[in-house]
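First up is the structure itself, then whatever we jot down about it.
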Amino acid sequence: MPPLPASASPPLQDGDLFAAIDLGSNSFHMVVARYLLGQLRVVDRLRETVRMADGLDGKGGLSAEARQRALECLARFGQRIRDVPSARVRALATNTVRQLSSPQQFLVPAEAALGKAIEVVSGREEARLIYLGVAHAQPPKPGQLRLVIDIGGGSTEFIIGRGFETLERESLQAGCIASTRRFFAGGKLSKKRWKDALTELGSEFQQFSGLYRNLGWQEAVGSSGTHKAIGEICAAMKLTKGAITAEALPQLRERLLQADRIEDIDLPGLSNDRRPIIAGGVLVLEAAFEALGLQRLMVSKAAMREGILYDMLGRGSENDPRDSSVAALIHRYGIDAVQAARVEATALRLFDQVAQSWGLDDDDARMLTWAARLHEIGLAIAHSQYHAHGAYVLEHSDISGFSRQEQQVLAALVRTHRRGIPKNAFDAIPDRLLASAKRKAVLLRLAVLLHRAHEAEPIPTLDLTAIGEELRLVVGKDWIHARPLLKSDLLGEPEDMQGLGVAFKPFVA
């Protein structure tokens with residue numbers, strides 16, 4: 001297949017600033033780094049305890065207090081990165097926002113407070129970025145398998161990787177805040193509650209622990225503030241020099257359970273900020289040690305925020321992880337790559353003619369390209385309604401490198417590339433992406449329609465003009481008259497295009 005369009009971002013220059021923001025369930029983190037001689041050098045770090053997960057009500061709602069804490073923090077972060085170009089900023093929301101029933105009700109004011117776009121990532125994509133951050137901070141030995149565990153506020157990620165690539169990724173709904181609330185309701189602690197909680201978590205670990213143990217690893221690393229706090233407690237108790245071991249954890253737990261209530265926990269090296277959630281963190285870690293047979297866990301200072309930084313360097317280059325993911329989907333679902341290439345070439349040909357008038361950029365071209373390559377993915381399920389099947393697969397799969405919003409746009413393009421346009425086809429798309437998504441859908445529809453017969457012959461005359469939402473397509477007279485079915489399809493498109501907000505007029509030259 002031909003190479004993808006270049007990124008919309010300008011070429012990197014020494015001195016360029018990057019910013020990565022991690023909207024975690026417990027804390028919000030921001031790292032600002034400067035690009036120098038091919039490397040990223042951190043120039044600033046900000047962290048605030050927000051405790052978003054504390055505001056979840058179990059029904060997909062978020063308390064006004066948690067929402068306000070988050071918005072105030074984001075406003076402060078936004079002031080720091082006001083002058084950093086948006087193309088060099090990536091803000092990712094994780095488990096708590098994933099659990100919201102109406103995430104846009106939070107994301108719209110959150111984006112206004114930050115002054116930048118905020119994306120939501122799946123648990124497995126979060127895991128990939130965590131591993132990437134740890135791998136860059138502490139490069140593994142060649143060929144060595146590494147286990148990375150990250151205990152966040154709402155979820156815990158488990159990754160096995162080699163080098164800078166992940167082999168297995170899992171996300172368990174058991175973070176330090178969530179587990180503290182779940183197992184120690186009312187702040188009460190007891191050995192019985194702890195034992196029952198370990199049993200319950202152990203059963204949840206069974207879904208992947210066997211696979212992980214069979215694959216194995218040579219080194220285990222803990223990422224995130226929870227591991228750092230537990231490592232510091234182990235050192236303060238003189239159990240280790242900062243690592244976390246199978247021998248140290250039970251002693252730490254016994255000391256913790258000397259308190260009857262969470263607010264009474266007295267552990268050396270434990271900060272007041274971490275005290276309300278440390279029980280859940282230690283519990284999850286002990287369950288992980290038991291399920292995975294861990295003996296020793298080193299602690300890394302790096303986490304998802306560092307992974308986001310390095311992922312930004314790869315995006316839009318020949319190392320963009322999304323390219324590899326799309327290629328893997330093509331192979332897995334047996335997509336007709338030759339037909340996809342025809343549709344892609346024509347879609348980009350049309351794109352080039354209207355990009356300026358429609359305000360589309362190279363990032364839009366990349367999304368259009370991926371949609372063209374994947375538009376027939378649903379044929380692996382059934383020919384009938386294959387566009388709907390394909391959209392479901394793309395929206396609900398864990399696709400490495402893509403945020404949830406990017407997958408929603410991709411799914412909407414595939415859903416609307418043929419037949420009528422459902423009224424709810426773009427409901428999941430954020431308002432800031434809606435206009436460009438519908439315009440890309442128009443271009444993909446036309447490209448697919450023009451290649452419905454799967455002909456190898458190129459289209460001689462193809463001129464597309466856009467004035468506002470009016471679109472005029474001119475095709476060659478001899479070419480179109482030799483294809484009566486295509487001509488009929490084109491003449492029927494104006495009615496369907498109304499569902500995309502476009503007044504379409506096909507003409508014959």
Side-chain angles (χ1 to χ4, degrees), residues 1-7 121-122 124-125 127-128 161 164-169 311 314-352 362-419 425 437 440-459:
M1 290 205 172
L4 287 170
S7 170
V121 290
S122 69
R124 288 189 175 182
E125 176 62 6
R128 184 186 72 86
F164 294 97
E165 300 296 326
T166 60
L167 301 177
E168 295 291 340
R169 297 171 291 153
D311 196 59
R315 280 182 156 230
S317 73
E318 66 272 12
N319 298 316
D320 194 322
R322 295 171 295 180
D323 296 343
S324 299
S325 295
V326 170
L329 288 170
I330 291 171
H331 176 74
R332 177 181 179 183
Y333 288 94
I335 295 172
D336 184 344
V338 175
Q339 172 66 3
R342 294 189 194 107
V343 172
E344 175 188 337
T346 296
L348 291 178
R349 184 175 168 186
L350 298 171
F351 178 93
D352 289 341
D362 288 341
D363 285 336
D364 292 310
R366 295 176 70 80
M367 185 61 72
L368 178 61
T369 298
W370 290 320
R373 293 182 179 182
L374 297 172
H375 77 278
E376 289 188 333
I377 191 171
L379 286 174
I381 299 172
H383 182 272
S384 176
Q385 296 291 309
Y386 78 82
H387 53 305
H389 300 318
Y392 184 88
V393 168
L394 293 173
E395 182 172 359
H396 297 285
S397 296
D398 286 319
I399 309 178
S400 183
F402 285 82
S403 69
R404 178 170 291 183
Q405 287 95 327
E406 287 173 328
Q407 287 188 219
Q408 288 167 338
V409 170
L410 193 59
L413 298 186
V414 170
R415 178 65 181 85
T416 58
H417 84 262
R418 67 193 289 262
R419 303 289 179 86
K440 290 192 288 283
V442 168
L443 300 177
L444 181 62
R445 276 185 76 88
L446 289 176
V448 171
L449 186 153
L450 290 165
H451 290 283
R452 180 177 178 181
H454 288 222
E455 291 179 288
E457 181 182 342
I459 305 170

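If you read the sequence from its start, that first residue is 1, and numbering goes on from there. Here the structure is a predicted model, which means the values were calculated and not measured.
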At their closest point, which heavy atom of Q407 faces which heavy atom of L394, and how far apart are they?
NE2-O, 2.8 Å
Interatomic spacing from CG in L379 to NE2 in H375 - rounded to 0.5 Å
8.0 Å
Taken in chain and number order and not counting sequence neighbours, the residues that satisfy side-chain hydrogen bond (donor to acceptor under 3.5 Å, both in side chains) with E376 are none
If we only count heavy atoms from C-beta on, is the R366 to D320 side-chain gap below 4.5 Å?
yes
Heavy-atom neighbours of Y392 OH exceed 12 at 6.0 Å
no
Is a side-chain donor or acceptor of H331 paired with a backbone partner of A328 at a separation under 3.5 angstrom?
no
More than 12 heavy atoms of other residues, nucleotides or ligands under 6.0 Å from CD of E455: is that the case?
yes
E125 side chain to S400 main-chain N or O, any donor-acceptor pair under 3.5 Å?
no
Please round to the nearest 0.5 Å and tell me the distance separating atom CZ of R373 and atom CG of D336.
14.0 Å
Distance check, rounded to the nearest 0.5 Å: I377 atom CD1 versus R332 atom CZ?
8.5 Å
Between atom CD1 of I459 and atom CG of L450, what is the distance when rounded to the nearest 0.5 Å?
4.5 Å
If I take atom CZ from residue F351 and atom CG from residue L446, how far apart are they, to the nearest 0.5 angstrom?
14.0 Å
Of all the heavy-atom pairs spanning A372 and A340, show the shortest one and how long it is.
O-CB, 3.8 Å
Check against salt bridge (charged side-chain N to carboxylate O under 4.0 Å, His left out), E406 and R322
CA-CA 10 Å; E406 287 173 328; R322 295 171 295 180; 2.9 Å; yes
Heavy-atom donor-acceptor pair, H389 side chain to S384 backbone, under 3.5 Å
yes
Start with the C-alpha gap between R169 and D398, add the side-chain angles, then the distance that decides, and say whether salt bridge (charged side-chain N to carboxylate O under 4.0 Å, His left out) holds.
CA-CA 10 Å; R169 297 171 291 153; D398 286 319; over 6 Å; no
Work out which heavy atom in A388 is nearest to a heavy atom in R415; give both atom names and the distance.
CA-CD, 3.7 Å
Modelled atom types, side-chain donor and acceptor of Q339 and R342, under 3.5 Å:
yes
How close do L410 and L374 get, heavy atom to heavy atom, and via which atoms?
CD2-CD1, 4.0 Å
R124 side chain vs E168 backbone, donor-acceptor pair below 3.5 Å:
no
Any sub-3.5 Å donor-acceptor pair from R315's side-chain atoms to G401's backbone N or O?
yes
Could you measure the distance from the CD atom of E165 to the CZ atom of R128? Nearest 0.5 Å is fine.
8.5 Å
Is there a side-chain contact between W370 and V409 in this structure, where contact means two heavy atoms from C-beta onward sitting under 4.5 Å apart?
no
Side chain to side chain contact (heavy atoms under 4.5 Å, CB included) between L444 and V343, worked out
CA-CA 8 Å; L444 181 62; V343 172; 4.0 Å; yes
Could you report the tightest heavy-atom contact between A437 and L413, atom names first, then the distance?
O-CD2, 3.3 Å
Work out which heavy atom in L368 is nearest to a heavy atom in K440; give both atom names and the distance.
CD1-O, 3.6 Å
How about R418 and H387: does a side-chain donor come under 3.5 Å of a side-chain acceptor?
yes
